[in-house]
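A short worksheet on the structure shown next.
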Amino acid sequence: MLENNLKETLLNVFKNDYHLKINPELIGFQQTRAEFEGDLTLVVFPFLKLIKKNPAMLADELGSALMAQNPLIKSYNVIKGFLNLSIQDDYWLKWLADNLQRTGYEQAVLDKSTAIVIEYSSPNTNKPLHLGHIRNNLLGWSVAEILKANGGKVIKVNLVNDRGIHICKSMLAWQKFGEGKTPESTGIKGDKLVGEMYVAFDKAYKSEQKVLITKGYSPEDAAKNAPLIQEAQLMLRQWENGEQETRELWETMNNWVYSGFDVTYTRLGIDFDKIYYESETYLLGKQIVMEGLAKSVFFKKNDGSVWCDLSAEGLDEKLLLRADGTSVYMTQDIGTAQLRYDDYKAEKLIYVVGNEQNYHFDVLQKILLRLEKAWASGIEHLSYGMVELPEGKMKSREGTVVDADDLMDEMFQTAKKMSEELGKGADLPHDAAEQLYNDIGLAALKYYMLRVDPRKTMMFNPAESIDFNGNTGPFIQYTHARIKSVLRKAVDNQISWPNTVASIDLMPKEKAVITLLHTWNEILRQAAINRSPALIANFLYELAKTYNQFYQDNPILRETDSDRRCLRLQISDLTARMLKYAGGLLGIQMPEKM
RNA sequence: GGUCUCGUAGCUCAGCUGGAUAGAGCAGCAGCCUUCUAAGCUGCGGGUCGAAGGUUCGAGUCCUUCCGGGAUCACCA
């Protein structure tokens, strides 16, 4: 690697010329800013404490020593304490040709001997997927792909929350108000139908509470004593006791939901290696809690409920089993964590879950460590920010949720409309055109969601629909399609671009594209370390923009010098490949034409 | 109230473990298609990086305090 090569030379210079052993960590090269001449910049200020000289003088000495000892350096200049190094054009030309021979742009920086399990999506079966899930799904899937691209052994898992009081609410509502409706009989997507039942429950439950309050109940008592909630609680106990009728209804309704979810996942381009169901893991959770109780890690209160006291660690007491013996969220997560570890012996268990659950995961890890599960130190909560609407957080009760399917439909329609306005895609057969609109709409959505730092709360304004111009997914796709068009024309005209290294001087915009492509490995590495697809998204945008600037100013096929024409085709080819590869890590398809 | 987190242009966001004159896109204005895809390119206007201190040769970035927004501290998941 270029920077390591220069670093080594620099270390030798320090050793031989200054008799200093410098900590390699102290040496950091950065990209030279566009307004200065050079490719890489060394900031010399950190060395001034060790070598008492003025910055400009030291920079100059280092520059001339480096140039004498490393043939990669073409020239250097010094501005204040900044040493700007220019690299030989040959280096860039050779790098370009070498990389055109690769088939993929992954790298092996992670240890393949142990697995990384990453959980994302984690839906409840009582509500359809919404905008928040979209961020979660895209983020989890993309981080998994990024880790794989760095050589990691990654297992993508989903944890379906398929049991609990909330599920019973939908079931009960279906029995009472469902009129025997099924997805088949109504044509309603399964997850949507069950979601409607959940809403129906909530509505009826609220009106029951109102009636009780007029009878003199306090709001709290009304909430507890409404017949519907008591029936739902009864149903949960029946479910936990394995009562057949309840179990059958539960299974039927959950299957409706799963087939609905599958449609959404497939359309989003999301997949999993393994799906866990809480109904299959909560018993293990209970068992572990009972073991912990036996070992006095936990304690029992007078009413029979089981708790963990974390006050010594600055947290509160945490409930693990209710007085009636039913399990809570934490119980289930203890079970699934154990099962997951047993299945894969993973060194890392990454949970892609919203930052509103920071406390929960803090507690989960502490409890598992108390239980002396050493692997729990590998638990990592990839805590992403919420998606907010202009009026604030999405609230399903207030009907301010943005439904995932609806949003994808909208993106498709917008892509179709824009393409038609621009007179594009008209020559394609119907199916291919539909596919293209879908790819473009999804690219706009995915890029929009993933370009933001995962940890930050982001804003989504449905009224100002997602852009297709500027810093967007379609812009990147367009750049790819544009390059492919040029390459096709080259082939049509029997112009080839072999992986040869000509000896020519690079022009500024040619070099700008190559040096940007050259940063890919570091970008990919940082994206993995920071678990941040946003870094890939930024790279894609920079690359597309820089290429378009190059394209605007430099003829490719009309270039008469054959060596230079070949070089420009090489640059175009590698840019297209890199756009496709890096875009793939975000789940963005790169059309050949658009 | 405790803990955590965010605050950068009218809006949405970049700004890598502190480095040169803080960057994009959108929106606004003005240009560029008889030449490789104009979903593109070029230019203009728009900022006391929430505020005040501090550390440093150097702070949007680190520390402290304050102001403002959000999350959480549930026998909901």
Side-chain angles (χ1 to χ4, degrees), chain A residues 25 28 30-33 35-36 41 43 45-46 48-49 55 79-82 84 122 124 126 161 163-167 278 303 305 307 314-316 318-324 326-330 332-333 354-360 362-363 383 385-386 388 392-393 415 418-419 421-422 424 440 444 448 451-453 455-461 464 466-479 481-490 493 519 522-523 526 529-530 532 534-535 537-538 541-542 544-545 548-549 551-559 568 572 593-594:
Chain A
E25 300 281 307
Q30 48 191 275
Q31 296 274 111
T32 303
R33 295 178 66 127
E35 59 264 39
F36 301 105
T41 295
V43 184
F45 288 106
L48 293 175
K49 284 191 187 113
I79 296 167
K80 293 192 270 183
F82 298 87
N84 301 322
S122 327
N124 288 351
N126 61 332
N161 184 354
R163 61 158 298 281
I165 188 77
H166 52 296
I167 314 295
E278 286 194 350
D303 64 359
S305 54
W307 297 74
L315 303 174
D316 290 321
K318 189 77 196 171
L319 177 80
L320 297 175
L321 284 178
R322 297 192 185 97
D324 65 5
T326 54
S327 57
V328 293
Y329 183 33
M330 187 60 74
Q332 293 159 181
D333 264 8
N355 60 17
E356 55 191 357
Q357 292 191 37
N358 287 352
Y359 181 74
H360 173 78
D362 197 14
V363 171
S383 160
M386 299 287 97
E388 283 191 356
K393 208 186 162 186
M418 281 203 68
S419 299
E421 279 171 10
L422 292 166
K424 298 191 175 190
I440 295 172
Y448 183 89
R451 62 178 263 247
V452 181
D453 184 327
R455 278 153 258 279
K456 288 192 182 171
T457 303
M458 67 178 289
M459 175 64 70
F460 176 79
N461 188 345
E464 308 166 5
I466 295 174
D467 270 316
F468 283 61
N469 297 314
N471 188 355
T472 66
F475 166 70
I476 293 157
Q477 290 178 310
Y478 174 77
T479 306
R482 184 185 231 185
I483 295 172
K484 290 306 235 184
S485 170
V486 173
L487 298 181
R488 276 193 302 274
K489 284 222 162 74
N493 293 302
T519 62
E522 183 58 16
I523 300 284
Q526 289 297 333
I529 292 170
N530 295 310
S532 176
L535 299 180
N538 288 341
Y541 176 65
E542 281 300 314
K545 191 176 165 66
N548 280 323
Q549 288 166 348
Y551 175 93
Q552 193 73 21
D553 288 8
N554 300 291
I556 299 169
L557 299 176
R558 285 175 287 108
E559 169 61 44
R568 289 179 181 170
S572 301
K593 286 184 192 176
M594 70 182 271

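We name chains A, B, ... by the order of the sequence lines, and we start the count at 1 in each one. These numbers were taken from a predicted model, which means no experiment stands behind them.
With both ends at atom C1', the span from B:G15 to B:G60 equals 8 Å, rounded to whole Å. The same atom, C1', is picked in B:U61 and in B:G54; the two are 15 Å apart, to the nearest Å. When the P atom is compared between B:U17 and B:C6, the two are found 13 Å apart, to the nearest whole Å. Comparing B:A52 with B:U8, their P atoms sit 16 Å apart, to the nearest whole Å. Nucleotides B:C44 and B:G7 have their P atoms positioned 29 Å apart, rounded to a whole Å. A gap of 15 Å separates the P atoms of B:G50 and B:A22, to the nearest Å. When the P atom is used for both B:C63 and B:G18, the distance is 11 Å, rounded to whole Å. Spacing of P atoms, B:C11 relative to B:U55, comes out at 34 Å, to the nearest Å.
Contact annotation for A:Glu542: no contact, since no heavy-atom pair falls under 4.0 Å across all strands. Residue-level contact check: A:Asn493 touches neither bases nor backbone, having no heavy atom under 4.0 Å from any strand. Nucleic acid contact for A:Phe36: base, since at least one base atom lies under 4.0 Å from a heavy atom of the residue. A:Ser419 comes within 4.0 angstrom of a base, heavy atoms only. Among the atoms of the strands shown, only primed sugar atoms or phosphate atoms (P, OP1, OP2) are found under 4.0 Å from some heavy atom of A:Tyr359. A:Val43 comes within 4.0 angstrom of a nucleotide base, judged by non-hydrogen atoms across all strands. Contacts of A:Met594 with the nucleic acid, taken as non-hydrogen atoms under 4.0 Å apart, include base atoms. Nucleic acid contact for A:Pro46: base, since at least one base atom lies under 4.0 Å from a heavy atom of the residue.
When each of A:Asp324, A:Leu319, A:Val328 is tested with A:Ser305 by the rule side-chain contact (heavy atoms from CB on, under 4.5 Å), just one qualifies, namely A:Leu319. The residue from A:Asn530, A:Ile529, A:Asp453 that alone fulfils the side-chain contact (heavy atoms from CB on, under 4.5 Å) condition with A:Leu535 is A:Asn530.
Distance CD (A:Gln30) to C1' (B:G15): 13 Å, rounded to an integer number of Å. Rounded to an integer number of Å, the gap from A:Gln357 CD to B:U3 P is 22 Å. The CD atom of A:Glu388 sits 14 Å away from the P atom of B:C6 (whole-angstrom rounding). Across the protein-nucleic acid pair, A:Asp316 atom CG and B:C4 atom P stand 15 Å apart, rounded to whole Å. Going from atom CD1 of A:Ile440 over to atom C1' of B:A39 covers 8 Å, rounded to whole Å. Put simply, CD on A:Glu464 is 9 Å from C1' on B:A27, counting in whole angstrom units. Atom CE in A:Met418 sits roughly 15 Å away from atom P in B:A38 (whole-Å rounding). The nearest whole Å value for the distance from the CG atom in A:Asn471 to the P atom in B:C11 is 18 Å.
Close to B:A22, at under 4.0 Å from its OP1 or OP2, lies no side-chain N or O of A:Arg33. For the pair A:Lys545 and B:G40, the criterion of a side-chain N or O lying under 4.0 Å from OP1 or OP2 is not met. At B:A74, none of the side-chain N or O atoms of A:Lys318 fall inside 4.0 Å of OP1 or OP2 (strictly under the cut-off). Residue A:Asn469 places none of its side-chain N or O atoms closer than 4.0 Å to OP1 or OP2 of B:G25.
For A:Arg455 (side chain) and A:Gly385 (main-chain N/O), no donor-acceptor pair under 3.5 Å exists by modelled atom type. Between the side chain of A:Ser485 and the backbone N or O of A:Ala481 there is no donor-acceptor pair closer than 3.5 Å.
Side chain A:Asn84 to base B:A20: a donor-acceptor pair is found below 3.5 Å. Counting distance only, with no hydrogens placed and no angle test, the side-chain atoms of A:Lys593 and the base atoms of B:U37 include no donor-acceptor pair under 3.5 Å. Contact of A:Thr41 with B:A20 (side chain to base): a donor-acceptor pair of N or O atoms is detected under 3.5 Å. In the interface, the side chain of A:Asp303 is paired with the base of B:C75 through a donor and an acceptor atom under 3.5 Å apart.
Taking A:His360 as the reference, A:Tyr329 meet the ring-ring contact (aromatic ring centres under 6.0 Å, His included) condition, with sequence neighbours excluded.
Note that CD1 of A:Ile483 is 8.0 Å distant from CD1 of A:Ile556, once rounded to the nearest 0.5 Å. With rounding to the nearest 0.5 angstrom, the CD atom of A:Gln30 is 9.5 Å from the CG atom of A:Asn84. Here the CG atom belonging to A:Asn538 is positioned 8.0 Å from the OG atom belonging to A:Ser532, to the nearest 0.5 angstrom. The CZ atom of A:Arg322 sits 7.5 Å away from atom CD1 of A:Ile165, with the distance rounded to the nearest 0.5 Å.
In this structure, B:C67 shows a glycosidic angle more than 90 degrees from zero, which is the anti conformation.
Take the nearest nucleotide of RNA chain B for A:Lys80 and for A:Ala534: the residue whose nucleotide is more 5' is A:Ala534. Ranked by how close their nearest RNA chain B nucleotide is to the 5' end, A:Arg322 and A:Thr472 are led by A:Thr472.
Distance from the side chain of A:Arg488 is smallest for B:U37 among the nucleotides B:C6, B:U37, B:C75. Side-chain proximity of A:Lys424 to B:A39, B:G70, B:G15: nearest is B:A39. Distances from the side chain of A:Gln549 to the nucleotides B:A38, B:U42, B:A14 place B:U42 closest. Of the candidate nucleotides B:G19, B:C36, B:G40, B:G19 has the atom nearest to the side chain of A:Phe82. Closest to the side chain of A:Phe475, out of B:G7, B:G40, B:U42, is B:G40. In this structure, of B:C36, B:C16, B:G40, it is B:C36 that holds the atom nearest to the side chain of A:Lys489. With distances taken from any side-chain atom of A:Tyr551 to the nucleotides B:U12, B:C16, B:A38, the minimum falls on B:A38. For A:Leu557, counting side-chain heavy atoms from C-beta on, the closest listed nucleotide (B:U42, B:C6, B:C36) is B:C36. Taking only side-chain atoms of A:Arg558, from C-beta outward, the nucleotide of B:U35, B:G19, B:G25 with the closest atom is B:U35. Among B:C16, B:G19, B:U12, the nucleotide with an atom closest to any side-chain atom of A:Arg451 is B:U12.
In secondary-structure terms, RNA chain B builds stems of at least 3 consecutive Watson-Crick or G-U pairs, each pair having both distances under 3.5 Å, at B:1-7 with B:67-73, B:10-13 with B:23-26, B:28-32 with B:40-44, B:50-54 with B:62-66.
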Notebook entry, point to check: Between A:Asp467 and A:Thr472, is a side-chain hydrogen bond (donor to acceptor under 3.5 Å, both in side chains) present by the stated rule, with each step listed?
Noted result: CA-CA 7 Å; A:Asp467 270 316; A:Thr472 66; over 6 Å; no

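Using a 5.5 Å limit on the distance between ring centres and a 30° limit on the angle between planes, the aromatic ring of A:Phe45 counts as stacked on the six-membered base ring of B:G19.
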